[in-house]
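The structure under discussion appears below in the form of structure tokens.
Letters A, B, ... mirror the listed sequences (proteins, then strands); counts begin at 1.
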Protein chains: 2
Amino acid sequence: MRAVNFCAGPCTLPQSVLEEAQAEFVDYAGTGMSLIEMSHRSPEYDAVHNETLELVRSLFAVPDEFEVLFLQGGATLQFAMVPLNLLAGGGSAGYVVSGSWGKKALEDAAYHGDVHTAWSGSDSGFTRMPAGDEVEIRPEWQYLHVTSNETIHGIRMVDWPDADIPLVGDMSSDYLSRPIPWERFDAIYGGAQKNLGPAGLAIVFVRRSVLAETNRDLAAYLRWDIHADKNSLYNTPPVFAIYMMGKTLKWIQAQGGLAAMEAAAGARADLIYGAIDDSDGYYRSPVDPAARSLMNVVFRLPDEDSEARFISEAKAHQLLSLKGHRSVGGIRASLYNAMPMSGVEALASFMDSFR
Amino acid sequence: MRAVNFCAGPCTLPQSVLEEAQAEFVDYAGTGMSLIEMSHRSPEYDAVHNETLELVRSLFAVPDEFEVLFLQGGATLQFAMVPLNLLAGGGSAGYVVSGSWGKKALEDAAYHGDVHTAWSGSDSGFTRMPAGDEVEIRPEWQYLHVTSNETIHGIRMVDWPDADIPLVGDMSSDYLSRPIPWERFDAIYGGAQKNLGPAGLAIVFVRRSVLAETNRDLAAYLRWDIHADKNSLYNTPPVFAIYMMGKTLKWIQAQGGLAAMEAAAGARADLIYGAIDDSDGYYRSPVDPAARSLMNVVFRLPDEDSEARFISEAKAHQLLSLKGHRSVGGIRASLYNAMPMSGVEALASFMDSFR
């Protein structure tokens, strides 16, 4: 029986994608070998690579002014590469500290550039996002860094900050679940292992005009411009993760693309927030209703014992990985693109009966 | 029909490993989900992760004084991380430029530390390795960097340089095909996608006493000590690549471990070098016989037309990926751990009949 997997990432993938990959795992397209055994310069892999890049361009509606990079090291390596590439000339930048991820991004950037807290949600326990005019913006900053969704705290940035400077964004958990206002951004990055595929791959979008000015005094892997020039084939790419993302993107395309994913995300989240709001206070969302994440719904029960029992009884119903992040506790249901509505309905129904 | 895949990496994997992974690809161990959908903090993945770390320790015979790290970005990212971690205090180091990879390692390191050419094989077209006393060693260097096998040029370092300073080595294409003299090294790194598994994973070995002194003024992903402290789970690891390497390591263990791999590597290489040496000069090895790689056998035919015909006729016999690297041309047969002797025999026999 297929489990319903609410993990925050790596996470559930479309079953049909897994079955397709399984069927061709040992002998890819009659070549007598697995795709993962092939040269990354082979015609077969080349077709997968370029088709996947094209699918990203088309589904994300990436403007021509942006390069698309497939990199390793996750969003975490980009915490280093953003300042290494953008702040080399001694520039400075501001960071919105909206939760654990925004905080890590700032702390890491501090080793490689002159960076500042533009706003912090720590006083409110990272339960809300800033209003546009709360964010401090200094005109000399090269960029303002934002985290569009805080996976651990379960909040998302609905409105982007008012800023005359370009944004740089970690959108790991929002990829292909909401449109990107490209004109506001110089760079966007995120791991694929939430909405788009398995672990081991990050997608980075960088504005071409910015790439012309990025730091060249870095080892090759750390330079965005080299990966762009080499079509993300400067070194051996993470072949399997790119291939699986390509299949997942085709599945997304067949579902109706970004618009369908956005609608489904809204419907899934509504169902669980509805179950919370209609529980007479038994379930409680700790976050500002205006900042509720559509991807990671966090909630509490009256006490920790009930939470532990909730998690273990849910497990008996094949509703898995509902434990909140160890740093905050509680319950977290992650509802990424491949989460079927039937799974969300099963959770809502379980919440009702458990209560 | 299973192809014989002589690709230099990604490369052939044991067929039984592929079949095992295929069988459990959609539903891992009755969990109702694929391993690649699971949390990297789940008990199931945790077991895979730690078992794979233990297999590395046991098969490589890693001494307790070394940490084992599983990282992304390949050996290429380590070209940056080696000097970033080791030369932070203003130290310097020497690099043996034995081929394209040694050269890239030096060029990348130059952005992050005071590094010097300790020996270069460029005058001889990278066809030999230095004799022990040819390498310049300065006592103030923190380390001497070596590349144990140059995949493109088809040479390997048989004897390690005489040096009173520690070695740091890129051993990507030699991993688990020869013993490592651990006492000589402070750090060793390499990609898994040759002898050990698919692309998307590098293994780094670092001496614990060295880790105590590495640079802390870096973003987290770039710090070896953080990955060591977090058991290579600081951020989401490349789950699938680690899992596949684990299976490949179990296969290696069942074959008899490192000693069996070393013997098989010698036997495979002997067969192809024999076919070259017994060809009355039709096939020609461009490299110093003393430095012949056991992993990448490069050879030439009388002219480029014959080489093109050789590659295309071999392909018709399912002997694939025999084209030399684009930067050097000619023929290259890569003979990694999972290459069956029957495949090497088929190539030797084809070489004979083609001639």
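Using a 4.5 Å cut-off between heavy atoms, B:P237 contacts chain A through its backbone alone, with no side-chain atom that close. Within the 4.5 angstrom heavy-atom criterion, atoms from both the backbone and the side chain of B:E19 approach chain A. Residue contact with chain A, scored on non-hydrogen atoms closer than 4.5 Å, involves the backbone of B:M1 exclusively. In this structure, the portions of B:L77 lying under 4.5 Å from any heavy atom of chain A include both its backbone and its side chain. With a threshold of 4.5 angstrom between heavy atoms, A:T236 approaches chain B through side-chain atoms but not through N, CA, C or O. Both the backbone and the side chain of B:S39 come within less than 4.5 Å of a heavy atom of chain A. Heavy-atom distances place the side chain of B:M244, and not its backbone, under 4.5 Å from chain A. The contact between B:T31 and chain A is made entirely by backbone atoms, counting heavy-atom distances below 4.5 Å. For a residue to count as touching a neighbouring chain, one of its non-hydrogen atoms must lie under 4.5 Å from one of that chain's; by this rule B:A23 touches chain A with the backbone only. Heavy-atom distances place no part of A:L71 under 4.5 Å from chain B, backbone and side chain included.
Within residues 99-115 of chain A, the residues approaching chain B closer than 4.5 Å by heavy atoms are, in numerical order, A:K104, A:D108, A:Y111, A:H112. Contacts between residues 319-331 of chain B and chain A, counted as heavy-atom pairs separated by less than 4.5 Å, involve B:L320, B:R326.
Between chain A and the residues B:V4, B:L222, B:T76, the most heavy-atom pairs under 4.5 angstrom are made by B:T76. With respect to chain A, the highest number of heavy-atom pairs below 4.5 Å among B:P10, B:A8, B:A241 belongs to B:P10. For the options A:L84, A:V239, A:D27, A:D217, heavy-atom pairs under 4.5 Å to chain B are most numerous at A:D217. Comparing A:Q15, A:Q318, A:R41 by heavy-atom pairs within less than 4.5 Å of chain B, the highest count is held by A:R41. By number of non-hydrogen pairs under 4.5 angstrom with chain A, the leading residue of B:G200, B:A80, B:C11 is B:C11. Among B:P238, B:P198, B:A199, B:A220, the residue with the largest count of heavy-atom pairs under 4.5 Å with chain A is B:A220.
In terms of modelled atom types and a separation under 3.5 Å, the side chain of B:Q22 and the main chain of A:Q22 share a donor-acceptor contact. Under a 3.5 Å cut-off, the side chain of A:E37 and the backbone N or O of B:T12 do not form any donor-acceptor pair.
Residues A:G73 and B:N235 approach most closely at O-ND2, 3.4 Å, considering heavy atoms.
Note on ring orientation: taking the six-membered ring where Trp is involved, the planes of A:F25 and B:F240 are perpendicular (angle over 60°, cut-offs 30° and 60°).
Looking at heavy atoms from C-beta onward, A:L13 lies out of side-chain contact with B:V26 at the 4.5 angstrom threshold. For the pair B:Y221/A:F79, no side-chain contact is recorded, criterion being any heavy-atom separation below 4.5 Å from C-beta on.
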